[in-house]
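Below is one structure; the comments refer to it alone.
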Amino acid sequence: MIDLHNHLLPGIDDGAPDLEASLALARIAVQDGTTHLVCTPHIHPGRYDNTLASIQDAKAQFDAVLKEQGIPLRVAAAAEVRFGVELMMGVSQGAIPFLGRWQGKQVLLLEFPHGEIPFGAERLISWLLQRNIVPMIAHPERNKDLMRTPSRLKPLLELGCLLQVTAGSVAGRFGPAAEALARALLEQGVVTVLASDAHNLQHRPPMLSEGMQHAVRIVGDARAESLVLHTPWEIAQSHFA
């Protein structure tokens with residue numbers, strides 16, 4: 001399986017605090033059947049001021065220790081980028097790492113505030129699309145605004161956004177409201193990928209298999225497999241060439 005959203009890079013956001021934690025998470029991912037990770041630390045101005053350089057430095061450290069320890073996990077790096085005017089500046093300056101490519105466009109993992117779909121979301125998404133960048137919305141099923149009013153997602157989908165749903169949400173690990181919305185999105189056929197959004201061993205481990213198994217009951221074996229293997233590979237393969 002291929003995980004396109006996780007926080008395993010050491011010491012640069014609210015995920016793994018150090019290399020030891022990164023390795024422990026990597027071992028869990030491998031045991032669960034993950035072979036490739038695109039690590040996506042936060043870029044959230046004023047909170048996690050990561051840059052292309054800080055992300056690549058952390059990725060190089062992680063990669064070196066994985067090889068040293070003989071852990072069979074291939075890693076690349078992108079970012080989970082917070083909605084805001086700073087994102088437009090970052091794109092204009094070539095300072096934003098992308099998740100991969102989809103149908104000729106670069107893919108950006110886009111995070112909205114957890115409580116809302118902000119005013120101006122459609123305008124920003126249109127701005128990105130005009131620049132050949134397609135947003136993949138991170139964990140929409142955990143957004144409180146969308147839990148209350150799922151129809152608020154419709155105009156974003158109509159613009160062409162991709163959706164990344166958290167595997168743990170499908171399995172009920174983020175509560176009944178997130179589970180219900182995750183399952184509804186799967187039933188509607190609008191989920192692009194399942195990913196772990198892993199942060200730690202205790203509450204948010206890097207596991208995809210449980211969510212995939214729940215997804216099988218909703219969308220069938222072939223579609224569930226595509227959510228954790230074929231589609232993530234299509235998006236991210238350029239990182240691993």
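Only heavy atoms go into these numbers, but all of them, side chains included; no hydrogens, no water, no symmetry mates. Residue indices begin at 1 and follow the sequence shown. Keep in mind that this is a model prediction, so the values were computed, not measured.
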Scan side-chain atoms only and decide if H7 and E80 contain a donor-acceptor pair under the 3.5 Å cut-off.
yes
Let me confirm one number: the CZ-OG1 distance from R74 to T34, rounded to the nearest 0.5 Å.
14.5 Å
Distance in Å, L110 CG paired with Q164 CD, rounded so as to fall on 0.5 Å steps
11.5 Å
Please walk me through it: do Y48 and I43 pass side chain to side chain contact (heavy atoms under 4.5 Å, CB included)?
CA-CA 6 Å; Y48 303 110; I43 292 181; over 6 Å; no
Quiz item: cation-pi between R131 and W127, 6.0 Å / 45°
yes
Check the orientation of F240 and W233. Use parallel for under 30°, tilted for 30 to 60°, and perpendicular for over 60°.
parallel
Can you get from M88 to L156 by hopping between Ile, Leu, Val, Met, Phe, Trp and Tyr side chains that sit under 4.5 Å apart?
yes
Check: D18 main-chain N/O paired with S22 side-chain donor or acceptor under 3.5 Å
yes
Is the shortest side-chain heavy-atom distance between L185 and P140 below 4.5 Å?
yes
Distance, nearest 0.5 Å, that separates OG1 of T192 from CH2 of W102
7.0 Å
From N50 atom CG to D13 atom CG, the distance as rounded to the nearest 0.5 Å:
6.5 Å
Point-to-point distance, once rounded to the nearest 0.5 Å, from NE2 of H5 to CG of L37
12.0 Å
Looking at G46, is its backbone amide N or carbonyl O close enough to the side chain of D49 to form a donor-acceptor pair, meaning the two atoms are under 3.5 Å apart?
yes
Test item: side-chain donor near acceptor, S196 and N6, under 3.5 Å:
no
I71, I28: one ILVMFWY side-chain cluster at the under-4.5 Å cut-off?
yes
Check for me whether the distance between the ring centres of H114 and H139 falls short of 6.0 Å.
yes
Rounded distance [0.5 Å steps], CG in D3 versus OG1 in T40
7.5 Å
Quick one: does L108's side chain get under 4.5 Å of L87's, heavy atoms only?
yes
L8, L52: one ILVMFWY side-chain cluster at the under-4.5 Å cut-off?
no
Step by step, would you call T35 with L73 a side chain to side chain contact (heavy atoms under 4.5 Å, CB included)?
CA-CA 5 Å; T35 59; L73 186 64; 5.7 Å; no
Cation-aromatic face contact R142/F174, 6.0 Å, 45 degrees
yes
Evaluate M136 against L99 for side chain to side chain contact (heavy atoms under 4.5 Å, CB included), listing each step before the verdict.
CA-CA 9 Å; M136 178 181 284; L99 201 56; 3.8 Å; yes
Evaluate E141 against T166 for side chain to side chain donor-acceptor pair (under 3.5 Å), listing each step before the verdict.
CA-CA 8 Å; E141 80 288 352; T166 313; 2.9 Å; yes
Do the side chains of R183 and E187 get close enough for a salt bridge, i.e. N-O under 4.0 angstrom?
no
Heavy-atom distance under 4.5 Å between the side chains of F62 and C39, does that happen here?
yes
Between the side chains of R173 and E210, is the shortest nitrogen-to-carboxylate-oxygen separation below 4.0 Å, so that they form an ion pair?
yes
Would you please test L129 and I125 for side chain to side chain contact (heavy atoms under 4.5 Å, CB included) and show each step?
CA-CA 6 Å; L129 288 164; I125 286 164; 3.8 Å; yes
Looking at side-chain heavy atoms only, is the closest gap between V38 and I235 below 4.5 Å?
no
Do the side chains of L201 and L19 join up, straight or via other hydrophobic residues, at under 4.5 Å, putting them in one cluster?
yes
One pair to check against side chain to side chain donor-acceptor pair (under 3.5 Å): R27 and Q69. What are the steps and the verdict?
CA-CA 10 Å; R27 289 187 177 99; Q69 296 290 318; 3.3 Å; yes
Working note: R152 + T149, criterion side chain to side chain donor-acceptor pair (under 3.5 Å); need CA distance, chi angles, decisive distance, verdict.
CA-CA 6 Å; R152 294 213 59 192; T149 316; over 6 Å; no
Flag if over 12 foreign heavy atoms under 6.0 Å of CD, E20:
no
Would you check if the side chain of T51 reaches a backbone N or O of A53 as a donor-acceptor pair within less than 3.5 Å?
yes
